Participant: 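My questions will all concern the structure given below.
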4 protein chains.
Amino acid sequence: MHSVPPAEGRSSFIEQARQAQIIRATIDVVAEQGYGAASFARIARRASISPALINYHFRTKDSLMRGVLATIEQRLDAAMAGTEDDEPETYPDALEGMLRRFAEHCWTHGEEITAMTEIRREMRSEILREAVAQSHERGMAELVAFIREGQSYGQFRDVDPALFASVLMSAMGEFPRLPGNSAEERRRVAADWVSLFVNAISVTAGPGEDADHDPAGPTRSGSGA
Amino acid sequence: MHSVPPAEGRSSFIEQARQAQIIRATIDVVAEQGYGAASFARIARRASISPALINYHFRTKDSLMRGVLATIEQRLDAAMAGTEDDEPETYPDALEGMLRRFAEHCWTHGEEITAMTEIRREMRSEILREAVAQSHERGMAELVAFIREGQSYGQFRDVDPALFASVLMSAMGEFPRLPGNSAEERRRVAADWVSLFVNAISVTAGPGEDADHDPAGPTRSGSGA
Amino acid sequence: MHSVPPAEGRSSFIEQARQAQIIRATIDVVAEQGYGAASFARIARRASISPALINYHFRTKDSLMRGVLATIEQRLDAAMAGTEDDEPETYPDALEGMLRRFAEHCWTHGEEITAMTEIRREMRSEILREAVAQSHERGMAELVAFIREGQSYGQFRDVDPALFASVLMSAMGEFPRLPGNSAEERRRVAADWVSLFVNAISVTAGPGEDADHDPAGPTRSGSGA
Amino acid sequence: MHSVPPAEGRSSFIEQARQAQIIRATIDVVAEQGYGAASFARIARRASISPALINYHFRTKDSLMRGVLATIEQRLDAAMAGTEDDEPETYPDALEGMLRRFAEHCWTHGEEITAMTEIRREMRSEILREAVAQSHERGMAELVAFIREGQSYGQFRDVDPALFASVLMSAMGEFPRLPGNSAEERRRVAADWVSLFVNAISVTAGPGEDADHDPAGPTRSGSGA
DNA sequence: GATGAATGAGAATTCATTCAT
DNA sequence: CATGAATGAATTCTCATTCAT
């Protein structure tokens, strides 16, 4: 006699509000106390609701975590998209812009990145639950494609793109934990951090100059990160 | 004259063997299924012993994990120490050697690094249990000192050392997960990976040459991280 | 607007019923099999519920026991209060009334007294958990005050009040174990038992008459223990 | 191939020493931390031996506790026997002497009485384990006989002997917990305590004088407590 | 929609006890 | 004699989940 179990996709108005509230509480708890401490009881207390309500809106803990990840990633994607008018001229510039936007996103949404990292790590252990793994793979794939493209124009050094992407991803997961008390310090750290990766993959104009690429290269056009 | 469960310092022969066996099982479970799955029951099943035996050799789960970390770190330290005769001439060379040795250690003991990373992450959330946190801090401190030293000789680019160390540490934690099926592929990945960080912190010999450092610099002497 | 396991103060209707049921089961088990046997498993079996339900209504075993004690003591206090119209004239009469009411309470609630004694004894060994210890101390203090008052009017013999109180308390703890199969026997035993203590502290009218007190003394007025 | 399991009665020299040592440790632990805390592990630690050794000398925990009780009771009996030349003239005097000797025994062996009380209480719950129950019953029986005798000579008031014995026993169990820091205070408390019971059962020379007994009575002869 | 009540599974840990050495 | 090693049973407690209301 109780209402139809919510299908977790489309939903009434209040339904969406509740889901958002629960997801927010989950992010906070995970970021502050770690995945291991993120029980329904603690999340519910944080959100000032009853634990059973979580099960009502997300059938299982798994699906809650999938919801959390989706939310975080979508917000992250939006933040990293950049506006149309600051379309960069070169690949290094594009990378730099991307990383800078990521850093800025972390200033305001650091807990989300922390939570995302924590959840992904936990999920990874359970034989890579599909949905979750895919989101991560997709992110990686985009990065790899972007790097490969830059390399084809000779604007990125010749490193295994998957490897660079992996290093970058793990560094991004750790970024919110970097010190940064004042706005000023945060800005300095971010700048340094960005330069580190841009430098790591930039073509060195050193002695052994790689002459078979056109370092100045054509302007970046497509992209997709 | 007596004994009662071992105080975990001195230990009989068989005692040490069991402890080692339990630690091994723990590493495997943590690396394969994540910290969250590392219950005494699972660890014991893995080691083909009864769960209570773990409590017999390690009074609490905490102390088991401390034992695991200690073992892993000690083995890692040994592996990264390097032999006396390949004392490197420059700081970049030293860094390269260090990372190369780390990568090699990972080929044979990847699960240990994975487990270490996992455990440390868990600990972090639990208000940083002292002993454990310290080991991590010490590692960081050594790295930072090493980098700062290289910078003082103008052999490392001028990046926030703590930041570089942080990025490096997180990348190291992720290293064992990088693909590497054949011996050959592993070697190639490792080389690329090492070059990435050496490059990231190396002084750019690009057009805008930083002339105020002595790039040739004095030969590295002391140090030891 | 929410709830999460009840904070043990306010409570819904069914909540109170369950708590009462659990407390009852605990009293029975403790009285019949001793504190040592009072595990959640046994209590739950007695109450025909699952052990976890006890944890739902009383977060910890400690709080369960505190609840049990509170219930027993409150019931005991009520039973010993006496009605307004039988206000006794002298201290010995007051003592006698008090003890008689206690004995009567034991006829119908003997297991409660037995359980209370058992639990208090257990608590004593655990470094006297405050709340619990206090209740006992308070009971003792009231008794002591009452005795001292009676002594000041020369209606009680000159014995160390704390000592008398201690002996009386331990005897009260043992009372429910006295034989008493028939109603008649119980009445006789109770009468004897009461007289024992009244006698023990009554002023002896023997040959060596203590003349410095006024044995007839003023009528008892205030007090209330 | 290991030596014959010790029959726990007669025994080699060293065997007896060990048993005594274990019993001592058990008494201490029980008296200080309560029966509930008296695990083999704790007892063994206290005695600086291995837990397994307790099982070697006392097949089971039950038999250990029986041994402890036997030891304590035997020592108590000896202490309460009194010397031949201070044979008392009257029953009240005999009672007084008995209680006084008990109190004195408690000054030096209080933990034993405390432990005995604690153990008996625990045992009682387990459907009165025979051996143990018997020892208690025997003690009670002796007391009852003594009181009845005194009553038959009109030297004790006419109270249910079993009841008086019960009250006395519970008070004795509590005696070691009475305050008594200085030797002087202990003496005073003991004197008061003794007088309490002597008074409680003494024939009152009050108005309603019981004339059918010979209050001066014949001198006490047999006795048996 | 939301909650309280209830539960079974599983967590770490302690315990008395056995047995080979 | 004595011990260390080992274990199964039992302990309190937490968790995700279900269901009637």
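Within every chain, numbering begins at 1; the chains are lettered A, B, ... in the order of the sequence lines, protein sequences first and strands thereafter. What you see is a predicted model; the values in this text were computed from it and never measured.
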Participant: With sequence neighbours left out, what residues match B/R18 under salt bridge (charged side-chain N to carboxylate O under 4.0 Å, His left out)?
Facilitator: none
Participant: Apply salt bridge (charged side-chain N to carboxylate O under 4.0 Å, His left out) to A/R42 and list each qualifying residue two or more places apart in sequence or on a separate chain.
Facilitator: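 If we apply the salt bridge (charged side-chain N to carboxylate O under 4.0 Å, His left out) test to A/R42, skipping adjacent residues, there are no hits.
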Participant: Nearest heavy atom decides the nucleotide; on that basis, is B/S48 or C/A38 closer to the 5' end of DNA chain F?
Facilitator: B/S48
Participant: Nearest of E/dG1, F/dA2, E/dT13 to any side-chain atom of D/I14?
Facilitator: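 Selected nucleotide: F/dA2.
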Participant: Using whole Å, what does the distance between atom P of nucleotide E/dC19 and atom CZ of D/R59 come to?
Facilitator: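 The distance from CZ of D/R59 to P of E/dC19 comes to 10 Å, rounded to the nearest Å.
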Participant: Select one nucleotide: of F/dT17, F/dA5, E/dT18, the one nearest the side-chain heavy atoms of A/N55.
Facilitator: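 The answer is F/dT17.
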Participant: Let me know the distance between NE2 of B/H57 and P of F/dG4, rounded to the nearest Å.
Facilitator: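 Checked: the NE2 to P distance equals 12 Å.
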Participant: Just to be sure I understand: a Watson-Crick pair is purine N1 to pyrimidine N3 plus N6-O4 or O6-N4, both under 3.5 Å. Using that and G-U wobbles, which stems of three or more pairs involve DNA chain E?
Facilitator: E:2-21 with F:2-21
Participant: Separation of C/F40 atom CZ from F/dC13 atom P, in whole Å?
Facilitator: 5 Å
Participant: Taking the side chain as every heavy atom from C-beta outward, state whether B/Q19 and B/F58 have any pair of such atoms under 4.5 Å apart.
Facilitator: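 Yes, side chains in contact.
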Participant: Whole Å only: how far is the CD1 atom of C/I22 from the P atom of F/dT12?
Facilitator: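 It is 14 Å, rounded to the nearest whole Å.
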Participant: B/A25: which residues meet the side chain to side chain contact (heavy atoms under 4.5 Å, CB included) condition with it, sequence neighbours left out?
Facilitator: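 B/A25 satisfies side chain to side chain contact (heavy atoms under 4.5 Å, CB included) with B/I43, B/R46, B/A47 only.
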Participant: If you find the nucleotide of DNA chain E closest to C/L53 and the one closest to B/A41, which residue's nucleotide is nearer the 5' end?
Facilitator: C/L53
Participant: For C/R45, give me all partners under salt bridge (charged side-chain N to carboxylate O under 4.0 Å, His left out), at least two apart in sequence or on another chain.
Facilitator: none
Participant: Are any protein N/O atoms closer than 3.5 Å to N/O atoms in nucleotides 8-10 of chain F? If there are, list each pair with its distance.
Facilitator:
none

Participant: Are the side chains of A/R24 and A/E111 in touch, meaning some heavy atoms are under 4.5 Å apart?
Facilitator: yes
Participant: B/M65 has an atom CE; how far is it from atom P of E/dT13, in whole Å?
Facilitator: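 After rounding, the reported distance stands at 10 Å.
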Participant: Can you name the nearest heavy-atom pair linking D/I23 to D/T71, along with the distance?
Facilitator: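 Heavy-atom minimum between the residues: CD1-OG1, 3.4 Å.
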Participant: Figure out the CZ/C1' separation between C/F13 and E/dA5, and round it to whole Å.
Facilitator: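 Roughly 14 Å, once rounded to whole Å.
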Participant: Check this one for me: any side-chain N or O of B/Y56 less than 4.0 Å away from OP1 or OP2 of F/dA5?
Facilitator: yes
Participant: Which heavy atom in C/S50 sits nearest to a heavy atom in C/A44, and how many Å separate them?
Facilitator: C-CB, 3.8 Å
Participant: Judged by each residue's nearest nucleotide on DNA chain E, which is more toward the 5′ side, C/R18 or B/K61?
Facilitator: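 Counting from the 5' end, the first nearest nucleotide belongs to C/R18.
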Participant: I need the CD1-P distance between D/I43 and F/dA2, as an integer number of Å.
Facilitator: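 So the CD1-P distance, D/I43 to F/dA2, works out to 17 Å.
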Participant: Separation of D/I49 atom CD1 from F/dT3 atom P, in whole Å?
Facilitator: 7 Å
Participant: Could you tell me whether the side chain of D/Q21 reaches within less than 4.5 Å of the side chain of D/I49, counting heavy atoms only?
Facilitator: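 Touching, per the 4.5 Å side-chain cut-off.
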